[in-house]
Amino acid sequence: MTDRYRISSTVENQHVAAPAETRRTPLRTALWIGLFVSAAANATLSSIGVSPFIGVGFGLVALGCIAGLIVHHYKSPRH
């Protein structure tokens, strides 16, 4: 009979989480860059008084990047 509480060095008993580097993909980087650029453009254009439709466009791009990051987070492997 095996002891459930015994610490063993076998691979089958170890639950090792995947390193954080597995989540770093070019898509994730592009989504973060797109989020920062579109949010900055939205804030800048709103403050200088350019047409609101252009600001809304950048706001929608920022929301799309946020949605993409959320989907990417939940679909990426965790272990």
Can you name the closest pair of heavy atoms from Cys65 and Gly34 and give their distance? SG-C, 3.7 Å
Check the hydrophobic clustering (I, L, V, M, F, W, Y; side-chain heavy atoms under 4.5 Å; chains of links allowed) and say if Ile33 and Leu69 are grouped together. no
Side chain to side chain donor-acceptor pair (under 3.5 Å) contacts touching residues 42-63 (sequence neighbours left out): Asn42-Ser46
Same apolar cluster: Val61 and Val56, side chain cutoff 4.5 Å: no
Which heavy atom of Ala62 sits nearest a heavy atom of Ala39, and at what distance? CB-N, 4.5 Å
Going by side-chain heavy atoms closer than 4.5 Å, which hydrophobic residues are tied to Leu45, directly or by a chain of links? Ile48, Val50, Ile54, Phe58
Joint cluster assignment, Leu35 & Tyr74, ILVMFWY side-chain distance < 4.5 Å: yes
What one should report as the nearest heavy-atom pair of Leu27 and His72 is CD2-CD2, 4.0 Å
